[in-house]
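Step one of this worksheet: look at the structure below.
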Amino acid sequence: MAYVKNLFDQNFIQYASYVIRDRAIPEIIDGLKPVQRRIIHTLIKNDDGRYTKVANVVGKVMAYHPHGDASIYTALVNLANKDLFIDKQGNFGNMYTGDNASAPRYIECRLRPITKEILNTNPKITSYVDTYDGRDVEPIAFQAKLPLVLIMGAEGIAVGMSTYILSHNIHEVIDAERKCLRGEKFQLYPDFPTGGLIDVSDYQDGLGKIITRAKMDTSDDKKIVITELPYGSTTESLCDSIEKAVKAGKIKATSIQDYTSDKVNIEVRLQRGVYTKDVVDALYAFTDCEQTIYCNLLVIKDNMPAQMTCTQVIEYHAKQLTGILKSELELEKADLMEKLHLRTLERIFVEERIYKKIETQKTEEGVYKAVKLGFKPFAAELIRPITDEDIDHLLKIPIRRISLYDMSKNKQEVKAINDRIKEINKLLKHLIDYAISYLDDIEKKLDPAASKRRTKLTKIHAVDVKAVVKRDTPLKYDEKSGYLGIGVSGGNELFRVTPYDKILYVRKSGIFSVSQTPDKLFVGPAMRYCGFADKDSLAKVLFTVLYRDSETQYVYIKRCKIEAYIMNRDYFFAPDGMEVLHIDTRKNFTFQLNYVKKPKMKVTAEKFKSADYEEKSLKAKGVRVAAKEVQTITIAEDKKAEDKKSAE
């Protein structure tokens, strides 16, 4: 048993770690999940500028991603719809209606040139590892120059944790990174491709929540046109939620028509006598036109899950950007220095006729030695000592090129190389300015129409559902069956309620409970009382309870109000073991005690007034009415009821 437990624990930890790091949570360095990274890596590797069938791309990605083609296809479509890295052709679905993309054999895609500018793929900067089968290599994480995790957003569920990162406007993200580099203050708020309205007052820098709403055209009093969707909704899900609200009687509409194509257009026509101003709040309260979304910016950082804020992500990437640019400049400088070294070798080799010294040599060793001796007087001109690889390079120069060697061209090339090295040295001293200029250049290359802000920031006042809904649903009680609720078919209507009301009901036994408006609840026959359980309603109701002690047969009276309760919990007006004879809510009434007849008893009945007894707390014991055994009680009707009966 211990072996099985250890085996389970070990495998579970490995599985959890795999799901968290390699499936569900994006990497902070490039903001991508493994499947997205493998798709982009494949597109970069096979990029020829032409469109390629998605089915072909999916097949090639499978060499890196061992989880089937369906997951790759879905991830590729979602990534393409971000409109950043992938240029698409064909039907990639509709984000407004929720329609799926065409089959992978019908649609095409290609890499956008800006991808290679944002993601560094140089193996000297980006680390690569073997694929799962060891036949190829793939990047551990691209060195991204922009915080893609904020631009694209992400959501995923792992073992014991989840991430929900909202997408942000790329211009605003770039501007925030630019301000961070300058040491200025910045703030980021979400932006969604579906548009809509959002309240970010509780966004908490990516760790709080937002309230999102549909944008509506209410210029016509008899119809409402939804023109933009709240985040997380489609026209289909939105129409379904409105239809359900209409069927439940919460919204008075005659038709819901969806005319959406490349723009959202949902038309809600209202009933006669109902106007737009009466329905807007109900749409926000009872449909998906308003939603609350909770955020959790969880990423993989240093190979571990870490919760970050938007500000921390921007600061991390600002530092990463300068680090990447520095590495690129240093690599370019090293390449230029090597190129300058070779050009210097070539010039001296030809200009000083060192190649003549190898004509008399008969062995390879002698040739190498002659070349090295020939360069010895010019060692001060060389950037670094000459190596065998340098000599190999010189020996491969064709005789034709040596005889036609252009010294002027060599000097021009050397000058250009030296000028660029000076420029690189200057950029290395002013990395912050260079990083800002890079961000400026990237921003200029973005499509203005595709990257403008779509979601409007606004202050949203929460709609009180209880205030919007009307009390127009009859609450019924069937005396015969003992059922209470809005779903009871027979019986008598007690009063009108809403689904959000709290109802107090008192059973025949004297037990009372409070519950949400019941659909069909068994309370038993001869229910004593039913009413609203809100604070104002209960403050007006004074309960008078008459109960009898089963041992002494004495009757007690208790007058109290219900001031506090726990939902769906049973309470008893009288102490345990007592028999409740009567419950009344009139402030004053007369009752008669009919005593058990005994020899020599002159008074067999007495009348009392309820108003003669003081109000007590619900937990207090009642007051004994008389020290005599009571057989029955008689309750006098109030004068109005008696007058009504006599009139009838």
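Numbers here are sequence positions counted from 1.
With S167 contributing its side chain and G153 its backbone, the two residues share no donor-acceptor pair below 3.5 Å. The main-chain N or O of S71 is never found under 3.5 Å from a side-chain atom of T74 such that the two would form a donor-acceptor pair. Using a distance-only test at 3.5 Å, with no hydrogens or angles considered, a donor-acceptor pair links the side chain of T455 to the main chain of F192. In this structure, the side chain of N122 engages the main chain of K124 through a donor-acceptor pair within 3.5 Å. A side-chain donor-acceptor contact under 3.5 Å links R37 to the backbone of L32. In this structure a side-chain-to-backbone donor-acceptor pair under 3.5 Å is missing from K301 to A306. Between the side chain of D302 and the backbone N or O of M304 there is no donor-acceptor pair closer than 3.5 Å. A donor-acceptor pair is defined here as one N or O able to donate and one able to accept, closer than 3.5 Å; no such pair exists between the side chain of T126 and the backbone of A141. With hydrogens and angles disregarded, a donor-acceptor distance shorter than 3.5 Å links the side chain of Q320 to the backbone of I29.
More than 12 heavy-atom neighbours from other residues, nucleotides or ligands sit within 6.0 angstrom of CD on E330. Counting heavy-atom neighbours within 6.0 Å of R353 CZ, excluding the residue itself, gives a total of 12 or less. Counting heavy-atom neighbours within 6.0 Å of H393 NE2, excluding the residue itself, gives a total above 12. For R384, the CZ atom counts as densely surrounded, since its 6.0 Å shell holds more than 12 non-hydrogen atoms of other residues, nucleotides or ligands. For CD of E184, the number of neighbouring non-hydrogen atoms (other residues, nucleotides, ligands) closer than 6.0 Å is greater than 12. Dense packing is recorded around NZ of K33, with more than 12 heavy atoms of other residues, nucleotides or ligands lying under 6.0 Å away.
Checking T458, T292, I293 one by one against I211, the side-chain contact (heavy atoms from CB on, under 4.5 Å) holds for a single residue, T292. When the options I28, I170, L119 are evaluated for a side-chain contact (heavy atoms from CB on, under 4.5 Å) with L148, the one that passes is L119. Of the candidates T194, T212, V264, D288, D288 is the only one forming a side-chain contact (heavy atoms from CB on, under 4.5 Å) with S233.
Classification of the Y231-Y164 ring pair by plane angle, with boundaries at 30° and 60°, yields perpendicular. Between Y64 and H41, the ring planes are perpendicular. Angles over 60° get that label, and only those under 30° would be called parallel.
The shortest side-chain heavy-atom distance between I118 and I442 falls under the 4.5 Å cut-off. Side-chain contact check for E236 versus T97: every heavy-atom pair is 4.5 Å or farther apart. Within the 4.5 Å cutoff, the side chain of D191 has no heavy atoms near those of the H168 side chain. Counting heavy atoms from C-beta outward, I198 and L457 have side chains that approach closer than 4.5 Å. The shortest side-chain heavy-atom distance between D388 and Y368 falls under the 4.5 Å cut-off. In this structure, the side chains of N46 and N56 stay at 4.5 Å or more apart for every pair of heavy atoms. At a threshold of 4.5 Å between non-hydrogen side-chain atoms, the residues M152 and L79 count as touching. Proximity of L146 to I174: side-chain heavy atoms (C-beta onward) are separated by under 4.5 Å at one or more points.
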### Message
Checking I165 against V299 for the side chain to side chain contact (heavy atoms under 4.5 Å, CB included) test, could you report, in this order, the C-alpha distance in whole Å, the side-chain angles of both residues, the deciding distance, and whether it holds?
### Response
CA-CA 9 Å; I165 306 169; V299 294; 4.0 Å; yes
### Task
Could you go through the side chain to side chain contact (heavy atoms under 4.5 Å, CB included) check for L321 and L439 one step at a time?
CA-CA 10 Å; L321 173 61; L439 293 173; 3.9 Å; yes
### Working for side chain to side chain contact (heavy atoms under 4.5 Å, CB included), residues V77 and N100
CA-CA 9 Å; V77 169; N100 294 325; over 6 Å; no
### Task
Start with the C-alpha gap between I432 and T322, add the side-chain angles, then the distance that decides, and say whether side chain to side chain contact (heavy atoms under 4.5 Å, CB included) holds.
CA-CA 7 Å; I432 300 296; T322 55; 4.1 Å; yes
### Task
Kindly determine whether K372 and D390 satisfy salt bridge (charged side-chain N to carboxylate O under 4.0 Å, His left out), including the steps that lead there.
CA-CA 10 Å; K372 285 182 179 180; D390 295 335; over 6 Å; no
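The distance from the OG1 atom of T344 to the CG atom of L340 is 4.5 Å, given to the nearest 0.5 Å. The CG atom of L188 sits 12.0 Å away from atom CG of L166, with the distance rounded to the nearest 0.5 Å. Atom-to-atom distance recorded for R420:CZ and K333:NZ is 12.0 Å, nearest 0.5 angstrom. The CD1 atom of I424 sits 8.5 Å away from the OH atom of Y434 when rounded to the nearest 0.5 Å. Separating the NE2 atom in H67 from the CZ atom in R38 is a distance of 6.0 Å, to the nearest 0.5 Å.
Using modelled atom types and a 3.5 Å distance limit, the side chains of E328 and N120 yield a donor-acceptor pair. When only modelled atom types and interatomic distance are considered, T131 and D136 share no side-chain donor-acceptor pair under 3.5 Å.
Ion pair E228/R454 not flagged as a salt bridge, since none of the NZ, NE, NH1 or NH2 atoms sits closer than 4.0 Å to an Asp/Glu carboxylate oxygen. Comment: E117 engages K445 in a salt bridge, judged by a side-chain N to carboxylate O separation of less than 4.0 angstrom. Ion pairing of D335 with K339 is absent here, as no side-chain N (NZ or NE/NH1/NH2) approaches a carboxylate O to less than 4.0 Å.
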Show me, pair by pair, the donor-acceptor contacts under 3.5 angstrom made by side chains of residues 104-114, not counting sequence neighbours?
{"unit_1": "E108", "atom_1": "OE1", "unit_2": "Q89", "atom_2": "NE2", "d": "2.7"}
{"unit_1": "R110", "atom_1": "NE", "unit_2": "D87", "atom_2": "OD2", "d": "3.2"}
{"unit_1": "R110", "atom_1": "NH1", "unit_2": "G49", "atom_2": "O", "d": "3.1"}
{"unit_1": "R110", "atom_1": "NH2", "unit_2": "D87", "atom_2": "OD2", "d": "3.3"}
{"unit_1": "R112", "atom_1": "NH1", "unit_2": "D83", "atom_2": "O", "d": "3.0"}

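Listed by first and then second residue, the salt bridge (Lys or Arg N to Asp or Glu O under 4.0 Å) pairs involving residues 426-442 are R178-D440 (not counting sequence neighbours).
Y96 and P193 get closest at one heavy-atom pair: OH-O, 4.0 Å.
Applying the ring pair (Phe, Tyr, Trp, His ring centres under 6.0 Å) rule to F85 yields no partners; only residues at least two apart in sequence or on another chain are considered.
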